[in-house]
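Along the sequence shown, residues are numbered consecutively beginning with 1. Indexing begins at 1, ligand by ligand and atom by atom, following the structure's order.
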Amino acid sequence: DCLFCKMVSGDIKPDLLHADEHLLVIRDINPQAPFHALVIPREHIATLNDLQPEHAELVGRMYLAAAAVAQAQGHASDGYRTVMNCNRLAGQTVFHIHLHVLAGRAMHWPPG
Ligand code: AMP
Ligand code: ZN
């Protein structure tokens with residue numbers, strides 16, 4: 001009963017920005033910036049700790065999709081942030097890896 005697997009299977013309909021054979025890109029339901037998307041692999045991988053060497057190409061595709069959606073939404077030159085939270089201290093709440101893409105405002109560093 002993984003939320004993002006339900007989106008991959010079609011049981012839950014996300015606000016979809018892009019889908020291909022490897023990935024979904026959806027709008028975050030609780031945006032933390034004027035633009036906030038999530039890049040979600042179709043394969044269930046619970047956390048970054050569960051990545052295996054055979055996922056290297058998939059993670060590359062996740063970053064390519066993040067850059068493509070930032071470009072398509074007009075945020076590439078101003079800039080944007082990509083974040084993958086892992087486990088409790090990072091605040092991970094959905095245990096199916098996803099790359100956040102945040103844009104449209106200045107981001108803080110160091111991050112909160
Ligand atoms: P994380 O805290 O890194 O695990 O991020 C999970 C993200 O999923 C949060 O930013 C949530 O707002 C987002 N989220 C949770 N449920 C949904 C949903 N039904 N549709 C879109 N985004 C969601
Ligand atoms: Zn899943």
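Within 6.0 Å of CD on Glu54 lie more than 12 heavy atoms contributed by other residues, nucleotides or ligands.
Side chain of His96 to main chain of Pro41: a donor-acceptor pair is present (N/O by atom type, distance under 3.5 Å, no hydrogens or angles). Distance alone, capped at 3.5 Å, is enough to place a donor-acceptor pair between the Gln32 side chain and the Asn30 backbone. Gln92 contributes no side-chain N or O that, together with a main-chain N or O of Ala90, makes up a donor-acceptor pair within less than 3.5 Å.
Within His44, the N, O or S atom lying nearest to the Zn ion (ligand 2) carries the name ND1. Take the N/O/S atoms of His96: the one nearest the Zn ion (ligand 2) is ND1.
Ring pair His98/His100: centre-to-centre distance below 6.0 Å.
Listed as neighbours of ligand 1 are Leu3, Phe4, Met7, Ile26, Arg27, Asp28, Ile29, Asn30, Leu38, Asn85, Gly91, Gln92, Thr93, Val94, His98, His100, each bearing a heavy atom under 4.0 Å from the ligand.
With hydrogens and angles left out, the side-chain atoms of His55 and Glu43 include a donor and acceptor closer than 3.5 Å.
Salt bridge annotation for Asp11-Lys6: absent, with no cationic side-chain nitrogen under 4.0 angstrom from a carboxylate oxygen.
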